[in-house]
There are 2 protein chains.
Amino acid sequence: MTTTRERIITSTEPVFDAHGFAGIGVDRLTEAAGVSSRTLYKHMGSKTGLIAAVLDARRDRFSRVFAVSTVDELFDALASWVRSEGARGCLFLRALGEDGHGVAEVEHAVAEYRELLHRVMASIVERETGGADELLAEQLLVVFEGATSAASYRGQRAVDAARAAARSLVVART
Amino acid sequence: MTTTRERIITSTEPVFDAHGFAGIGVDRLTEAAGVSSRTLYKHMGSKTGLIAAVLDARRDRFSRVFAVSTVDELFDALASWVRSEGARGCLFLRALGEDGHGVAEVEHAVAEYRELLHRVMASIVERETGGADELLAEQLLVVFEGATSAASYRGQRAVDAARAAARSLVVART
DNA sequence: ACAGAGGTAAAACGCTCGTGGTACATTGGT
DNA sequence: ACCAATGTACCACGAGCGTTTTACCTCTGT
């Protein structure tokens, strides 16, 4: 059973992804959620509250999809994410850029996502090389971020190139 | 001598970079430019026209700064860009994400930037390896995009890691 | 000396925004 | 049978949006 709150969050996430945060009106969001504005405000408090909740939910979903332990699994997961949802650049970065700076709830959600992302890379490094390697983890992070950005206009080519790059970087350090 | 139009563009660019496009009001922009709204509209036509002009100007500046021919020069240029302007993620990607999709002037400016970026990578590949290599160019593009994104929260570490990654990828293909 | 270009300040346009209020419908548990 | 919870539709608020208008000022070249 899905609660109304969950329905609001899951149905507004793609709207934010497609149109951004500042430029979209609450009425378009309520329409997408199939819910009255009164209900939306009762569950989310404010538009900012909704944005924070959407980012939190996305982070949770992300953490499930990217619970991987090798470079190949990482880019398999990214490829299927891009295939099923498209790519419009990192939603957390975009949220921060649209005046999310200074909004505590948004900043917190973004910070949590970034820590998660870093942990994913560190654990892949551990599994692939049998130890910690801060530089390699940073490199994988950069390549992954680059793939999500570049995929928005280069498509799967960017993901494939990122996968090859990451593999080659791991080999170079073992 | 700098024209009023140039002054408007150069002084509003950092405001867009800091606060985004949709969320910032024209009055904040005129204030930053030190210009009346009448003058701004006479020179730029509309807020959208201003955004397109700002993106065009940024692309020009970018093309001057990144007129490089080696991987090291590329990341030297990026490092000093990040040092002097900070990093908040690719402004072109962000412009598109804030409902720039479907706005012809914005889409055009972004497309031109991306072609430029791709040409820069291809010419570096040419110089570094003595020939064309589509995969390597795509990899450098990904690494560069990743560095600009990741630098927004990892700082110069991301740029350094990207530089090392790019160098290693070039070596692996020569 | 004066025309014209290019600037200013201030107000107002119609519209949309985020948010809350009011009043009514549906439904499940006891 | 009915209460409480949870939803709806609809309207109103004050604020801010992008944009245009009106009226005035200040240079600069001839």
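Letters go in sequence order (proteins before strands), and every chain restarts at 1.
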Just by distance, no angles: are the side chains of His118(B) and Arg154(A) close enough, under 3.5 Å, to form a donor-acceptor pair? yes
Answer with base, sugar-phosphate or nothing: what part of the nucleic acid does Gly23(B) contact at a heavy-atom distance below 4.0 Å? nothing
Using a cut-off of strictly less than 4.0 Å, decide whether His43(A) has a side-chain nitrogen or oxygen near OP1 or OP2 of dG7(D).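 Yes, His43(A) has a side-chain N/O under 4.0 Å of OP1/OP2 on dG7(D).
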Quick one: list whatever passes side-chain hydrogen bond (donor to acceptor under 3.5 Å, both in side chains) with [X], sequence neighbours left out.
X	answer
Ser36(B)	Thr39(B)
Arg157(B)	none
Tyr41(B)	none

Please list, one pair per line, the donor and acceptor atoms closer than 3.5 Å that link side chains of residues 20-28 of chain B to other protein atoms, with sequence neighbours excluded.
none

Please tabulate, one pair per line, each protein N/O and nucleotide N/O from nucleotides 18-25 of chain D that are separated by under 3.5 Å, including the distance.
unit_1  : atom_1 : unit_2   : atom_2 : d
dG18(D) : OP1    : Ile24(B) : O      : 3.2
dG18(D) : OP1    : Lys47(B) : NZ     : 2.6
dG18(D) : OP2    : Val26(B) : N      : 2.6
dT19(D) : OP2    : Tyr41(B) : OH     : 2.7
dT19(D) : OP2    : Lys47(B) : N      : 2.7
dT19(D) : O5'    : Tyr41(B) : OH     : 3.3
dT20(D) : O4     : Ser37(B) : OG     : 3.3

Got a sec, which residues hit side-chain contact (heavy atoms from CB on, under 4.5 Å) with Arg58(A), two or more places apart in sequence or on another chain? Glu13(A), Arg61(A), Trp81(A), Glu85(A), Leu91(A), Phe92(A)
Sequence neighbours excluded, which residues qualify as side-chain contact (heavy atoms from CB on, under 4.5 Å) partners of Ala53(B)?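 Ala53(B) satisfies side-chain contact (heavy atoms from CB on, under 4.5 Å) with Arg5(B), Ile9(B), Met44(B) only.
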Interatomic distance, Leu50(B) CG vs dC17(D) P [rounded to whole Å]: 15 Å
Spacing between Glu6(A) atom CD and dG7(D) atom P, to the nearest angstrom: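 In whole Å, dG7(D) P lies 12 Å from Glu6(A) CD.
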Sorted by first residue and then second, give each side-chain hydrogen bond (donor to acceptor under 3.5 Å, both in side chains) pair with at least one member in residues 164-174 of chain B; sequence neighbours left out.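 side-chain hydrogen bond (donor to acceptor under 3.5 Å, both in side chains) check on residues 164-174 of chain B returns Asp72(B)-Arg167(B), Asp133(B)-Arg173(B).
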Give me the first and last nucleotide of DNA chain C, going 5' to 3', that has any atom under 4.0 Å from a heavy atom of chain B. dG7(C) to dT8(C)
With a cut-off of 3.5 Å and sequence neighbours excluded, list every side-chain donor-acceptor pair involving residues 103-116 of chain A.
unit_1    : atom_1 : unit_2    : atom_2 : d
Glu107(A) : OE2    : Gly102(A) : N      : 3.0
Glu112(A) : OE1    : Arg59(A)  : NH2    : 2.5

For DNA chain D, which residues in residues 96-103 of chain B have a heavy atom at a distance below 4.0 Å?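 The stretch gives none, as no residue of it lies under 4.0 Å from the strand.
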Any ring pair (Phe, Tyr, Trp, His ring centres under 6.0 Å) involving residues 135-156 of chain A? Give me the pairs, sequence neighbours left out, ordered by first then second residue. Phe66(A)-Phe144(A)
